[in-house]
Amino acid sequence: MKVRTRFAPSPTGYMHIGNLRTALYAYLFAKHEGGDFILRIEDTDRARYVADAVEFIEKTLAAAKIIPDEGPHHGGNFGPYVQSERMDIYKKYAEQLVEMGHAYREETENGVAIRQKMPKTGETTFFDVLHGNITIANAELEDQVLLKSDGMPTYNFANVIDDHLMEITHIIRGAEFITSTPKHVLLYEFFGWELPTFIHLAPVMGKAEDGTVSKLSKRHGATSFNDLVEMGYLPEVITNYVALLGWNPKTNQEIFSMQELIDAFSLDGLSKSPAVFDYNKLDWMSGEYFKAMTDEEFAAVADKFFGELNANLAQKKIYLASLLKSRVTKLSEIPAMIKFLMEMPPFDAELFVNKRNKVTVANSIEIISPAIKILEGVDDWTFENLSEKISAYIESSGMKTGTIMWPLRIALSGQKITPGGVVEILYLLGRETALERLTRAVGALQNLSD
RNA sequence: GGCGCUAUCGUCAAGUGGUUAAGACACCGCCCUUUCACGGCGGGUUCGUGGGUUCAAAUCCCGCUAGCGUCACCA
């Protein structure tokens, strides 16, 4: 039988990382098995409906490269794929249950609801791939509502009807559904339907500043796929990282393309215990992706984080990208990293003083001044020429490289840390700006010592 | 509270009766170095707890504890 899995979100306009992971695993499993992945919208709660949420979900899945074979806008022979468009189907089955004596009508002030009649004794057992057999006493089960008084089905009813009708073979969903699964199983039994295979995933947790761990939520920072994209993590990094949060390939490989994930995915690599979302590891992985990119590729994804570049920098984008790509863990760090190129930070004499490199305010002047003379002689402002002149200067000065470079970097950038060394910054700034900054620094230092 | 699920370094985790208990991130130290980064080397009382079973337990069983989930006309 062909494997068919589904992702069945409610249209809330928000794609939580945990939901994304559930969708990913359902997709990976289906694709690994050569099966189908179905997107179904569970919009039976009219109070929670969010406009355009379906499009939002579809866009998010597309960005994550999780591509449904069937869905509201993906075609398929088992539609409609939106539950609010299937009301007559649920009504039919609910009434069938009433006739069979497994459900009953209930009059309320808002109308008529239909409730499932639970056995009072005995227990219900179902098999879960991760957890094995799970048994719950029927006495724990309430007579749950199947059809609400507004005619809409509840989740517990609709998902059973749809999973059966859509021929879903493997139900991959969050562990929060474990205790309601016996109700579903009873429904399958009432109808005489074959049971699908259940796989209940452990939740994704977040760690708060006080060290406590709880289900990933807003207080842990970004919690949705889209938040992370906005922070400058590549969609493929997010899926790669999330795939490994609760699943392991049994090898030491950590960087996976979507195709590699599909090839490697297996249910027995899934963890039963909750996993804590770790930004450190995400950052590391993100950096690995950037380092693996060409300068051009990095420049393309980084482009919108460059902001308004002046004419000089705009033509050096690729070069700038080459310096940045090995130092960035998420693209949103870029503006702060390159700001000094556009605008010199306020003068701070303290920065010139560096014990390790034996640099003081006084010798800074003596180091920078000759450099200005030398650089003024460079007409063809290329990286090679600049590198050659600076090297020659260091050699003739008899001083250590660090001693020369330190004050130059501070004078050029106003900061201790820069993307790239002095020569790189010299080149990026361009002749005019570089000389102007050096000259101005010497002036400021002299004022200080006078 | 009842019921259910879970429990290996700070985090992700391998491990399925006999291992020096992998690997990765993070952290710390050292080296390299033109800062940062990169790279290299090294480091850390890790199997929640108490009982069993066994020649032998991180691995199997039971209790306890803790965390999480669930008890809706939400999904």
Side-chain angles (χ1 to χ4, degrees), chain A residues 8-12 19 42-48 83 106 108 110-115 128 130-132 134-137 139-142 144-159 173-182 200 202-203 205 207 211-215 241 244-255 269 271-285 287-288 291 323-329 337 351 354 356-357 387 390-391 394 400-406 408-410 413 415-425:
Chain A
S10 54
T12 59
N19 287 134
E42 309 222 330
D43 61 342
T44 55
D45 184 356
R46 295 194 312 199
R48 286 216 299 186
Q83 290 185 330
E106 180 185 53
T108 69
N110 298 319
V112 180
I114 294 182
R115 278 185 189 272
D128 180 284
L130 257 57
H131 303 99
I134 294 176
T135 299
I136 290 177
E140 295 290 325
L141 278 24
E142 303 263 323
Q144 65 173 342
V145 169
L146 265 20
L147 224 50
K148 303 184 236 181
S149 53
D150 65 0
M152 281 287 186
T154 57
Y155 165 83
N156 287 309
F157 186 52
N159 94 85
R173 69 201 340 176
E176 65 269 27
F177 294 110
I178 287 179
T179 45
S180 53
T181 301
H200 287 97
M205 315 291 276
K207 192 179 218 171
T212 57
V213 167
S214 55
K215 202 165 176 179
Y241 175 69
L244 263 24
L245 249 196
W247 172 78
N248 83 81
K250 313 274 183 179
T251 65
N252 284 336
Q253 182 178 351
E254 302 212 73
I255 305 297
S271 317
K272 305 194 270 190
S273 47
V276 177
F277 191 93
D278 181 8
Y279 280 95
N280 279 327
K281 186 113 187 198
L282 212 215
D283 282 347
W284 165 78
M285 188 176 281
E288 293 298 299
K291 279 174 221 163
L323 296 179
L324 253 19
K325 75 173 185 182
S326 65
R327 296 160 216 267
V328 165
T329 61
M337 288 175 89
L351 293 178
N354 183 274
R356 182 168 177 269
N357 289 310
S387 179
I390 295 289
S391 297
I394 292 169
K400 294 190 120 182
T401 306
T403 309
I404 301 285
M405 293 300 197
W406 184 270
L408 288 177
R409 177 182 304 103
I410 301 299
S413 70
Q415 53 197 43
K416 292 181 182 179
I417 300 167
T418 53
V422 166
V423 181
E424 285 85 351
I425 301 306

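Note that the coordinates shown come from a computational prediction; the quantities given were computed from them, not determined experimentally. Chain A is the first sequence line, chain B the second, and so forth, proteins listed ahead of strands; every chain is numbered from 1.
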Taking atom [atom1] in both [N] and [M], compute the distance separating them and give it to the nearest angstrom.
| N | M | atom1 | answer |
| --- | --- | --- | --- |
| B:G15 | B:A21 | C1' | 8 Å |
| B:U20 | B:G4 | C1' | 39 Å |
| B:A7 | B:U11 | P | 14 Å |
| B:G23 | B:C55 | P | 34 Å |
| B:G39 | B:U46 | P | 28 Å |
| B:U59 | B:G18 | C1' | 11 Å |
| B:G50 | B:A66 | P | 16 Å |
| B:U8 | B:A57 | C1' | 14 Å |

Which value, rounded to the nearest 0.5 Å, describes the distance between [X] atom [atom1] and [Y] atom [atom2]?
| X | Y | atom1 | atom2 | value |
| --- | --- | --- | --- | --- |
| A:Leu408 | A:Ile394 | CG | CD1 | 8.0 Å |
| A:Lys416 | A:Leu351 | NZ | CG | 6.0 Å |
| A:Arg173 | A:His200 | CZ | NE2 | 4.0 Å |

Considering Watson-Crick and G-U wobble pairs with both distances under 3.5 Å, what does [N] pair with?
| N | value |
| --- | --- |
| B:A58 | none |
| B:C36 | none |
| B:C9 | none |
| B:U46 | none |
| B:G2 | B:U70 |

What heavy-atom pair brings A:Ala113 and A:Ser149 nearest, and what distance separates the two atoms?
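Smallest interatomic distance, heavy atoms only, reads CB-N, 4.1 Å.
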Does the side chain of [X] get closer than 4.0 angstrom to OP1 or OP2 of [N] through an N or O atom?
| X | N | value |
| --- | --- | --- |
| A:Thr135 | B:G4 | no |
| A:Arg115 | B:C73 | yes |
| A:Lys148 | B:A75 | yes |
| A:Lys291 | B:A37 | no |
| A:Thr44 | B:C74 | no |
| A:Asn280 | B:U11 | no |
| A:Lys281 | B:U11 | no |

Can you tell me which nucleotide in [options] comes closest to the side chain of [X]?
| X | options | answer |
| --- | --- | --- |
| A:Glu140 | B:A75, B:C3, B:A14 | B:C3 |
| A:His131 | B:C3, B:C73, B:U6 | B:U6 |
| A:Trp284 | B:C25, B:A13, B:A22 | B:C25 |
| A:Pro203 | B:A75, B:C68, B:C36 | B:C68 |
| A:Val423 | B:C74, B:U34, B:G69 | B:U34 |
| A:Met405 | B:C12, B:U35, B:U34 | B:U34 |
| A:Arg327 | B:U35, B:U6, B:U34 | B:U35 |
| A:Ile417 | B:U11, B:U35, B:U6 | B:U35 |

At 4.0 Å (heavy atoms only), tell me whether [X] reaches a base, stays on the sugar-phosphate, or touches nothing.
| X | result |
| --- | --- |
| A:Tyr241 | nothing |
| A:Thr418 | base |
| A:Lys400 | nothing |
| A:Lys272 | sugar-phosphate |
| A:Val276 | sugar-phosphate |
| A:Gly246 | sugar-phosphate |

Do A:Met337 and A:Leu323 come within less than 4.5 Å of each other through their side chains, counting heavy atoms only?
no
With heavy-atom distances below 4.5 Å as the criterion, would you say the side chains of A:Ser180 and A:Asn156 are in contact?
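Heavy-atom side-chain distance check passes, below 4.5 Å.
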State whether the distance check finds a donor on one side and an acceptor on the other, under 3.5 Å, for side chain A:Ser273 versus base B:C5.
no
Would the base of B:C73 count as contacting A:Ser149 through its side chain, where contact means a donor and an acceptor less than 3.5 Å apart?
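When only heavy-atom distances are counted, A:Ser149 does reach the base of B:C73 through a donor-acceptor pair under 3.5 Å.
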Residue closer to the 5' end of RNA chain B, A:Glu254 versus A:Leu245 (nearest nucleotide)
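Closest to the 5' end, via its nearest nucleotide, is A:Leu245.
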Please figure out whether A:Ser10 or A:Ile178 has its closest RNA chain B nucleotide nearer the 5' end.
A:Ile178
Does A:Asp45 come within less than 4.0 Å of A:Arg48, counting only side-chain N to carboxylate O?
yes
Using atom [atom1] of [X] as one end and atom [atom2] of [N] as the other, report the distance to the nearest whole Å.
| X | N | atom1 | atom2 | result |
| --- | --- | --- | --- | --- |
| A:Asn19 | B:A75 | CG | P | 14 Å |
| A:Leu244 | B:C12 | CG | P | 12 Å |
| A:Met285 | B:A26 | CE | P | 11 Å |
| A:Ile404 | B:U35 | CD1 | C1' | 15 Å |
| A:Asp278 | B:A24 | CG | P | 15 Å |
| A:His200 | B:C5 | NE2 | C1' | 11 Å |

Hey, does the side chain of A:Gln144 reach the backbone of A:Leu146 with a donor-acceptor pair shorter than 3.5 angstrom?
no
Donor-acceptor pair, side chain of A:Lys148 and main chain of A:Thr44, under 3.5 angstrom:
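Yes.
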